[in-house]
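Since the structure comes first, as structure tokens, the remarks are kept for the end.
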Amino acid sequence: MVPIAQAVSIATLALGTGAAAVTVLNKDIPDLEVPDKEWVQEGALDGQVFFTTDKVVETGEILNDELLFRDGTFQSKMCQVYCDFGWSPYQTWTDGETTYFTATTTCPDAPHTIVWYGSVTKDEIAFEGTWTTRRWYWTKQISVTGEGSTTPPLDAES
């Protein structure tokens, strides 16, 4: 009888330790926090396309993208190619000549969420964002910053 009790004790300890390890591995990382403003969904940026140069904060990798606003929705061409994020609603608020925007995009086929927050002044855009992948066994996040304008890069015009 003693060996059975010992086996149960060891199994209980192993399962308890395993549960703790899973909890530690799956520590959540919050998405990008956007300011608490009176956001509206009025399509203030509709019809605009911005050509951006983006930087992955953690690695320094430089990426080029196109950010599109249409019918109250937002899309990143690069993210669309990666995971078919589609068009997502965006919201804005305005302070003088600057329109601030936010959008949350989700991949329909994988646990990716991107939170965007940026500003547009005349034909210039600047933004930051977080790409968070949440799985039951880990959560990973990359941060990105970017800027650009409505003017296409020279190599895109040829």
Parallel, tilted or perpendicular: which describes the rings of F69 and Y90, with under 30° parallel and over 60° perpendicular?
perpendicular
In this structure, which one of T145, I62, L63 forms a side chain to side chain contact (heavy atoms under 4.5 Å, CB included) with T53?
I62
Ignoring hydrogens, what is the shortest heavy-atom contact between Q141 and D31? Give both atom names and the distance.
NE2-CA, 3.9 Å
Among all residues two or more places apart in sequence or in another chain, which pass the side-chain contact (heavy atoms from CB on, under 4.5 Å) test with T133?
P111, H112, W131, R135, W138
Measure the shortest side-chain to side-chain distance between F74 and L67 over non-hydrogen atoms and say whether it is less than 4.5 angstrom.
yes
Locate the shortest heavy-atom distance separating D54 from M78; write the atom from each residue and the value.
OD2-CE, 4.0 Å
Counterpart residues, side-chain contact (heavy atoms from CB on, under 4.5 Å), relative to K37 (two or more places apart)
P35, W39, W93
Checking side-chain polar atoms at under 3.5 Å, does T113 have a donor or acceptor matched by the opposite partner on T132?
no
Shortest non-hydrogen contact from D65 to S76?
OD2-OG, 2.5 Å
Give, for atom CG of L68 and atom CZ of F51, the distance between the pair rounded to the nearest 0.5 Å.
8.0 Å
Quick check against the 3.5 Å criterion: does T130 have a side-chain atom that pairs as donor or acceptor with the backbone of L32?
yes
So which heavy atom on C79 is nearest to which on F85, and how close?
O-CD1, 3.1 Å
Is the closest side-chain heavy-atom distance between E97 and K122 below 4.5 Å?
yes
Look up atom CD1 in I125 and atom OG1 in T99, then write down how far apart they are to the nearest 0.5 Å.
10.5 Å
Backbone N/O of S143 and side chain of E58: donor-acceptor pair under 3.5 Å
yes
With sequence neighbours excluded, residues passing side-chain contact (heavy atoms from CB on, under 4.5 Å) with Q41:
P89, Q91
Could you check whether any side-chain N or O of D123 sits under 3.5 Å from a backbone N or O of T150, counting only pairs where one atom can act as donor and the other as acceptor?
no
Where is the tightest heavy-atom contact between F101 and A126, given as atom of each residue plus distance?
CE2-O, 4.4 Å
I need the minimum non-hydrogen distance between T92 and A44, along with the two atoms involved.
OG1-CB, 3.7 Å
Using the test side-chain contact (heavy atoms from CB on, under 4.5 Å), find all partners of E33 that sit at least two apart in sequence or belong to another chain.
none
T52 side chain to E66 backbone, donor-acceptor under 3.5 Å:
no
Testing I114, V34, V115 one by one against T104 for a side chain to side chain contact (heavy atoms under 4.5 Å, CB included), which residue passes?
V115
Just checking, is any N or O donor in the side chain of T73 or D71 under 3.5 Å from an acceptor N or O on the other one?
no
Residues passing the disulfide bond (SG atoms under 2.5 Å apart) test with C107, sequence neighbours excluded, are C83
Which pairs with one or both residues in residues 43-72 pass disulfide (SG to SG under 2.5 Å), sequence neighbours excluded?
none
